[in-house]
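Just so we're on the same page: letters track the sequence lines, and every chain starts at 1.
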Number of protein chains: 2
Amino acid sequence: MFTLDQARSFVAVAEELHFGRAAERLNMTQPPLSRQIQKLERIVGVELLERDNRSVTLTAAGEAFLLEARRLVIAAERAPENARLIASGQLGALRIGFTAATGFSMLGPFLEQIGTKLPNVHLELTELVTNEQITALIDGDLDIGLARPPFDENLFESVLLLSEGLFVAVPSGHRLESLQRDLQVSDLADEPLVMHSPTKARYFYDLVVRQIPIEHNNVRHTVSQILTMISLVAAGRGIAFVPESAKVLGVEGVSYLRLSGPIEHPVQLHAIWNRKSRNPALARLIQIIKASQPD
Amino acid sequence: MFTLDQARSFVAVAEELHFGRAAERLNMTQPPLSRQIQKLERIVGVELLERDNRSVTLTAAGEAFLLEARRLVIAAERAPENARLIASGQLGALRIGFTAATGFSMLGPFLEQIGTKLPNVHLELTELVTNEQITALIDGDLDIGLARPPFDENLFESVLLLSEGLFVAVPSGHRLESLQRDLQVSDLADEPLVMHSPTKARYFYDLVVRQIPIEHNNVRHTVSQILTMISLVAAGRGIAFVPESAKVLGVEGVSYLRLSGPIEHPVQLHAIWNRKSRNPALARLIQIIKASQPD
DNA sequence: CGTCATTACGGAATGCGTAATGATA
DNA sequence: TATCATTACGCATTCCGTAATGACG
């Protein structure tokens, strides 16, 4: 097989139609150039140039080969470009997992920021609950997740993106609404509840249970998605504990009441990624996240 | 710039994900392969493979570069193919000149034959009188012509393709037609003539003059193209000397009468080409012509 | 200890540049 | 004789293969 150098040499000679000038252009002397062309012709098995000692001409075969050689040289010169961009994280793909709740608050600005800073990185979005994100991250099916704690510190690194208040969603016109103040835990006794699934929405479940003594008799439904909860609240099936960002869901017939508690913003959202990930675009994204969240 | 060998090496390693097997596939030992990959990575400026001493994995950049490298290697392997085909005359283009008269007899079968034997050679056709063909052949604007003698033997080589009888074209119902036999030169005395141009259709002019004592007073028109002549004959402007193949023109109101002479088939058609031509497709065509016309 | 990639080293091949040769107008 | 491609030759570099080393389960 011939060499890219030979192809480049041939292109130069074919364009100059003069070994001397071509050699100059290639920063070499004529003799080695002459030999390279001869070698190329031997490899291709065809006379590419007609030298009649006064002028150099392309043969018909040479003309065809010139096109191929040029394409080849150009392709070779450009080949590393993408690889370099990908390695620097400026080009590539990021597979982002997010929970339904984040989809309505955090996700938009988050993607906006990535899109601005990494315009050539393709973003692939998947809605997954935290647990699903964890396994996807472990399996390498996801690059980064927007999820709730806790995470295994050995496997994952994370950054706190957002803390927000815990609210109580009630059907519009509910008696609690008329209190006209932040709710206390004691206000909620005996209220029928739409609760989080202790397995699929463990974070919220634990968060709520930690703050409020739940009467399990009051639990009417157990669901895993915020939107489902709120729909059930709207349908008058009970009240539910939701993050402040659930307000933007804009479901009709639901009011949101702040719940007082020991921590002002107990509901946390983290960006989380696998420490083993080798995706350069992720590394880049992490830099960006850390730079904009310096805590 | 990296080497095609390095690209090929990389493709092998990336596909095998194992230096040992890749080396085997490349018919070499591991150490040089390892070095080639390192060198490639240094040139590209990026880590393409992740070696963790138990397994080899592609990095994101390596994955992108693999695609480029594969394309490059394949393109390089195929590049000589067309050049070789062109050099052997099996691919390329032939610019063929022909006279109007040949267009109606010889040209069809001639092209048919080329098309069968050289299916991948593009045929470009131009209608030119012999003189124009000669200059086009000299200028390199034509590869081969179908023309009438004489040719400069120093510049051109030629092969006799066809000899045919000389006929007299007369308006239908002409008195000569009623003779019911081949015409003699003496039959034509005092007939008004549509004659060939001594410059543009020199071959026919000379041919006719050599055989028949032309009374220049009888010459009504001087034209260069057979079809024009016959149209004038049909219009009753006189009689004309034409090759037998003119019959197939099928002009209404014209009859063709054989003219006896010293030579039975005095009208010759040659394939003619420039000895200096370097078009391999022409060389191939000449072989074919000579093989089918062994004289 | 076995596997597999990498480094160390010696010898062969490749490839450059300078000098000489050859061919052509 | 001048120009330009090609061959001759010596030297530096590249690159292979064998052998040794290193990392990891």
Side-chain angles (χ1 to χ4, degrees), chain A residues 1-59 61-62 65-66 69 73 76 154 275-276 278, chain B residues 1-59 61-62 65-66 69 73 76 154 275-276 278:
Chain A
M1 182 55 51
F2 62 94
T3 301
L4 278 174
D5 276 321
Q6 287 162 359
R8 203 188 337 273
S9 300
F10 173 68
V11 171
V13 177
E15 285 178 355
E16 301 286 350
L17 291 177
H18 189 287
F19 277 75
R21 284 195 297 276
E24 196 176 353
R25 185 169 129 186
L26 295 164
N27 294 314
M28 65 194 305
T29 54
Q30 294 90 330
L33 175 58
S34 194
R35 288 191 297 260
Q36 290 288 10
I37 301 294
Q38 288 170 35
K39 201 165 195 175
L40 177 62
E41 288 180 319
R42 221 172 321 128
I43 292 167
V44 174
V46 150
E47 194 184 35
L48 299 171
L49 294 165
E50 190 103 20
R51 300 84 141 167
D52 60 356
N53 253 333
R54 209 69 208 161
S55 70
V56 176
T57 339
L58 277 169
T59 63
F65 193 75
L66 172 59
V73 170
N154 295 317
R275 288 183 189 278
K276 288 209 197 100
R278 291 274 166 267
Chain B
M1 179 57 50
F2 62 93
T3 302
L4 279 174
D5 274 322
Q6 286 162 0
R8 204 191 333 278
S9 299
F10 174 67
V11 171
V13 177
E15 286 178 353
E16 300 285 349
L17 291 177
H18 190 288
F19 278 74
R21 284 195 297 276
E24 194 176 353
R25 186 170 129 184
L26 294 163
N27 293 314
M28 64 194 306
T29 54
Q30 294 93 329
L33 175 59
S34 193
R35 287 191 298 260
Q36 289 290 10
I37 301 294
Q38 288 171 35
K39 199 164 195 177
L40 176 63
E41 288 180 319
R42 222 172 319 130
I43 291 168
V44 174
V46 150
E47 194 185 37
L48 300 171
L49 294 165
E50 189 102 22
R51 300 85 143 165
D52 62 354
N53 253 333
R54 209 69 205 160
S55 70
V56 176
T57 339
L58 277 168
T59 64
F65 192 76
L66 173 59
V73 170
N154 294 318
R275 288 182 189 278
K276 288 210 197 98
R278 291 271 166 268

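The number of heavy-atom neighbours closer than 6.0 Å to CD of B:E24, taken from other residues, nucleotides and ligands shown, is 12 or below.
Residue A:R51 comes nearest to A:F19 through the heavy atom pair NE-CZ, 3.9 Å, listed as atom of the first residue, atom of the second, then distance. Shortest non-hydrogen contact noted between B:F2 and A:A76 is CE2-O, 3.3 Å. Closest heavy-atom contact between A:E41 and A:L48: OE2-N, 2.8 Å. Residues B:T59 and B:E47 come closest through the heavy atom pair OG1-O, 2.8 Å. Across every non-hydrogen atom of A:A23 and A:L33, the tightest pair is N-CD2, 3.5 Å. Shortest non-hydrogen contact noted between B:V56 and B:V13 is CG1-CG1, 4.4 Å.
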If you restrict it to nitrogen or oxygen atoms, what contacts under 3.5 Å exist between nucleotides 23-25 of chain D and the protein, and what is each distance?
unit_1 : atom_1 : unit_2 : atom_2 : d
D:dA23 : O4'    : B:N53  : ND2    : 3.4
D:dA23 : O3'    : B:N53  : ND2    : 3.4

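In this structure, B:L26 places its CG atom 13 Å from C1' of D:dC16, rounding to the nearest Å. Rounded to an integer number of Å, the gap from CD of B:Q6 to P of D:dT14 is 12 Å. The separation between A:D5 atom CG and D:dC15 atom P is 11 Å, rounded to whole Å. Rounded to whole Å, atom P of C:dG15 lies 18 Å from atom CG of A:N27. Here the P atom of nucleotide C:dA5 and the CD atom of B:E24 are 12 Å apart, to the nearest Å. Atom CG in B:L33 sits about 15 Å away from atom C1' in C:dT7, given to the nearest Å. Atom pair B:L40:CG and D:dC15:P shows a separation of 12 Å (rounding to whole Å applied). Whole-Å rounding puts the A:M28 CE to D:dT13 P distance at 16 Å.
Ranked by how close their nearest DNA chain C nucleotide is to the 5' end, A:R35 and B:S34 are led by B:S34. If B:P31 and B:K39 are placed on DNA chain D by their nearest nucleotide, the residue sitting closer to the 5' end is B:K39.
With C:dA5, C:dT7, D:dC16 as the choices, the nucleotide that has an atom nearest any side-chain atom of B:Q38 turns out to be C:dT7. Distances were taken from every side-chain heavy atom of B:R51 (C-beta onward) to each of D:dT18, C:dT6, D:dC16; the shortest belongs to C:dT6. Closest contact between the side chain of B:F19 and the listed nucleotides C:dT7, D:dT6, C:dA5 involves C:dA5.
Taking only side-chain nitrogens and oxygens, A:Q30 never comes nearer than 4.0 Å to OP1 or OP2 of D:dT3.
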